[in-house]
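Right, one structure below, let's go through it.
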Number of protein chains: 2
Amino acid sequence: MIQSRTTLSEMSKALNLSISTVSKSLSGSSEISIKTKQRVRDFAKMCNYVPNNFAASFRKGYTNTIGLIIPNILNPFYAKVLLGIENYLDNSGYKLITSISNESIDKEAKVMTKMAGGYVDGLIVCVTQETELTNTYSHINGLIDQGTPVVLFDRICEKINCDKVIINDYKAAFNTTKHIITHKKCKNIVMASLIDKMQHGKLRAEGFKNAIEAHQSNVIGKVLVANTVDELKHKLNETLQKDPTIDAIFGVNEQAVLQAISCTDQLKSNDHSKQITIAGFCNQYQANNNPSLIIVDQNAEEIGTQAAKLMLQRIKNVENSEYCTKTVSVNLN
Amino acid sequence: MIQSRTTLSEMSKALNLSISTVSKSLSGSSEISIKTKQRVRDFAKMCNYVPNNFAASFRKGYTNTIGLIIPNILNPFYAKVLLGIENYLDNSGYKLITSISNESIDKEAKVMTKMAGGYVDGLIVCVTQETELTNTYSHINGLIDQGTPVVLFDRICEKINCDKVIINDYKAAFNTTKHIITHKKCKNIVMASLIDKMQHGKLRAEGFKNAIEAHQSNVIGKVLVANTVDELKHKLNETLQKDPTIDAIFGVNEQAVLQAISCTDQLKSNDHSKQITIAGFCNQYQANNNPSLIIVDQNAEEIGTQAAKLMLQRIKNVENSEYCTKTVSVNLN
DNA sequence: CTGAAAGCGCTAACAT
DNA sequence: ATGTTAGCGCTTTCAG
């Protein structure tokens, strides 16, 4: 915070006006004569007056600031959601402050509490894996009970009662798999997942399996799950080696898609005729650049936009309306 | 901000104590008897008291919060710097709030002013291209004059007098080029740049040229600059086509490296014997995954750490010391 | 050991 | 059209 800046009080003394006249002049109140307003403004400019928004927020009881908490900033999905949120808020005169929980539930709890401690009017959050997997929601429900508006996105916790933004994971996975089968004519598809314990991971896996079953007669589907990137890489390589008839990989999360690309790249450099279709949930720039890839575009920015919109609606109507869950549709690119 | 939470005043009434006794109890003051402290704490817990940090910060005159402004969150370099900063601050009991200027100088000015308006104790910023190119620094210098500590990183503005963190762009480019020549035995190297008007772009180009000149006898160097990704792609393709003896591309920024990869990938799929060495400044995950790539690792996290460190030093000593510029060394991977 | 009181900078209801 | 005043929730002297 600033060492010593010009304050209303200082200016009021210098101008021989009351603090409130100065305040009203600066905020353009119609109560004040044009002449005075001009005089005050000129003087304020002269002494580089910068209003202390912090004090104003404190007085008014709200900050026009929303807090965002995401688990991982290196995943472009979250970066894009951030852009969507910032954009919407910016247009509505709100500011955004962001913190990274780094997939640590402790950090998540800490930063949420801090932010809710007066710094923000509401919180948009994507919980950590741990939060979802262990159903540890007290830090979030506590804030909601206190009256802090919360919007959840991406990873959804059913035990938390608040506004939410999700994509239709099941449908997205189903349609993508179907697309691989019908348009790409693939017959032996491997699904790769690093998120099979997560709610959305399960839904995506289900979509995959059901799409396979719908074509049961002539398509094989295999599911590969792993807990670490290295484990997945290993399993993928092994599987591809053992079964050379595999003609497609469906990655249900960012890292899985990237591993699929890297594993098949290696294969390709050995056997140039090898052609394996890769599809999946991915936002990585470079992956987007790869024309042969089928990308499930989660519309990250739109998710952000919707989350921000829900948040501002909630703030404005407070307890007016029921909590709602917004489903953003995905595109296949 | 929260609707209505328990306050010190409410608790003091309920406990028949003064506000200050309650306040001191909660902050563990030694002035208060153990018994009273315990009583207050128990009661506070019972009514879910959450201190209003906002009010406390207002009163104390500082927020223990640092603001970060970066131009682009989709570039992993900045994302990594963010992680470095957050990590350091977290360990020092500081919070970080982040905003994305999205390469818009207006947004940059707006958000810096807002943040400095009492929300943060200092600002760490990487200016937009426009800010650097047009030498438009008044919004930054104004804040510095007011007493807001500012630390600049990556893109450096010589006309701004403050603490800075940079890498040795010249040396990094020189060494990388040298490495390509001596270790990779390349003889016809193209440098690709999308930042040739930026200060660090110029330095990197100079490093490249001087390294080429040092081997003038048997190495050719060509410089390709462009303003847009598409333009660069076009130029790269053209150049590679015209001159099949090109055996290396040196990308001096993220996007240039990615384009180099994508262009040569295409070549490779036509002519499998083709082998072009690619080197450059890049943080993209997938690029890191490509073992044949020579990455100039800018030590983004270390840059963040150093920036945060400088900031806290400045805050603690205020006007004590001279401004300094810290140079973070790079690694060749 | 506990309490009273001032005040951070600003806003807004209420005078004048 | 301008001024007075109370107070947001907390910390922090200073008194008792």
Side-chain angles (χ1 to χ4, degrees), chain A residues 1-41 43-44 47-64 114 116-119 121 146-147, chain B residues 1-41 43-44 47-65 114 116-121 146-147:
Chain A
M1 186 174 286
I2 266 57
Q3 322 297 336
S4 78
R5 284 186 316 198
T6 314
T7 65
L8 289 187
S9 148
E10 282 164 25
M11 295 200 292
S12 74
K13 273 169 204 148
L15 290 166
N16 253 317
L17 289 167
S18 75
I19 295 185
S20 72
T21 302
V22 176
S23 169
K24 285 173 187 165
S25 298
L26 257 19
S27 59
S29 163
S30 58
E31 287 177 16
I32 308 293
S33 75
I34 311 224
K35 222 168 114 187
T36 307
K37 275 195 273 201
Q38 203 48 57
R39 195 160 76 95
V40 171
R41 282 178 174 162
F43 187 72
C47 43
N48 280 314
Y49 171 73
V50 181
N52 187 332
N53 297 313
F54 198 78
S57 286
F58 177 50
R59 170 62 234 250
K60 289 191 288 193
Y62 55 85
T63 61
N64 275 326
K114 279 259 164 128
Y119 292 104
D121 300 340
Q146 264 177 56
Chain B
M1 187 173 285
I2 266 59
Q3 323 296 335
S4 78
R5 285 186 315 198
T6 314
T7 66
L8 290 186
S9 147
E10 282 163 26
M11 294 198 293
S12 74
K13 274 168 203 149
L15 290 165
N16 253 317
L17 289 167
S18 75
I19 295 185
S20 67
T21 303
V22 176
S23 170
K24 286 171 187 168
S25 298
L26 257 18
S27 59
S29 163
S30 57
E31 289 177 17
I32 309 293
S33 73
I34 310 226
K35 223 169 117 185
T36 305
K37 277 196 271 201
Q38 202 48 57
R39 196 161 74 97
V40 171
R41 283 178 172 161
F43 187 72
C47 43
N48 281 315
Y49 171 74
V50 182
N52 186 333
N53 297 314
F54 198 78
S57 286
F58 177 49
R59 170 63 235 253
K60 288 191 287 193
Y62 56 84
T63 60
N64 276 325
T65 302
K114 279 260 164 132
Y119 292 105
V120 299
D121 300 339
Q146 265 178 56

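The chains referred to below are lettered A, B, ... by the order of the sequence lines, with proteins before strands, and numbering in each begins at 1.
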How close or far is atom [atom2] of [N] from atom [atom1] of [X], stated in whole angstroms?
{"X": "B:Lys24", "N": "D:dT12", "atom1": "NZ", "atom2": "C1'", "answer": "7 Å"}
{"X": "B:Leu26", "N": "D:dC10", "atom1": "CG", "atom2": "C1'", "answer": "11 Å"}
{"X": "B:Leu17", "N": "C:dA4", "atom1": "CG", "atom2": "P", "answer": "11 Å"}
{"X": "B:Leu8", "N": "C:dA4", "atom1": "CG", "atom2": "P", "answer": "15 Å"}
{"X": "B:Lys60", "N": "D:dT11", "atom1": "NZ", "atom2": "C1'", "answer": "8 Å"}
{"X": "B:Arg39", "N": "C:dC1", "atom1": "CZ", "atom2": "C1'", "answer": "13 Å"}
{"X": "A:Ile32", "N": "C:dA12", "atom1": "CD1", "atom2": "P", "answer": "14 Å"}
{"X": "A:Met11", "N": "C:dT11", "atom1": "CE", "atom2": "C1'", "answer": "14 Å"}

**Request:** Determine: side-chain N/O of A:Tyr49 to OP1/OP2 of C:dC10, distance under 4.0 Å, yes or no.
**Result:** yes

**Message:** With a cut-off of less than 4.0 Å, is there a side-chain N or O of A:Ser57 near OP1 or OP2 of C:dC10?
**Reply:** no

**Message:** Can you tell me whether the side chain of B:Ser20 and the base of C:dG3 have a donor-acceptor pair closer than 3.5 Å?
**Reply:** yes

**Item:** Closest non-hydrogen atom pair, B:Met11 against B:Thr6
**Value:** CG-CG2, 3.5 Å

**Request:** Indicate the atoms forming the closest heavy-atom contact of B:Thr63 with B:Ser57, along with that distance.
**Result:**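 Taking every non-hydrogen atom into account, CA-OG, 3.6 Å.
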
**Item:** 5' priority, DNA chain D, between B:Ile19 and A:Ser30 [closest heavy atom]
**Value:**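 Here A:Ser30 is the residue nearer the 5' end.
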
**Complete:** Whichever of B:Ser27 and A:Thr21 has the more 5' nearest nucleotide on DNA chain D, that residue is A:Thr21

**is_close_aromatic(B:Tyr49, B:Phe43), centroid dist under 6.0 Å** =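 Ring centroids of B:Tyr49 and B:Phe43 are no less than 6.0 Å from each other.
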
**Request:** Could you pick out which residue, A:Glu31 or A:Ser9, lies toward the 5' side of DNA chain C when each is mapped onto its nearest nucleotide?
**Result:**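 Per heavy-atom nearest nucleotide, the more 5' residue is A:Ser9.
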
**Prompt:** Base, sugar-phosphate alone, or nothing: which one does B:Ser23 contact when heavy atoms must sit under 4.0 Å apart?
**Reply:**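 The answer is base, as B:Ser23 lies within the cut-off (heavy atoms under 4.0 Å) of a base atom.
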
**Asked** So, do B:Phe58 and C:dC8 meet the stacking rule of ring centres under 5.5 Å and planes under 30°?
**Response** yes

**Prompt:** How are the rings of A:Phe58 and B:Phe54 set to each other: parallel, tilted or perpendicular (split at 30° and 60°)?
**Reply:**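 A:Phe58 and B:Phe54: tilted rings.
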
**Item:** Nearest-neighbour nucleotide for the A:Ser18 side chain, C:dA12, D:dT4, C:dG3 considered
**Value:** D:dT4

**Asked** Is any side-chain heavy atom of A:Asn64 less than 4.5 Å from a side-chain heavy atom of A:Asn53?
**Response**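 A:Asn64 vs A:Asn53: side chains apart.
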
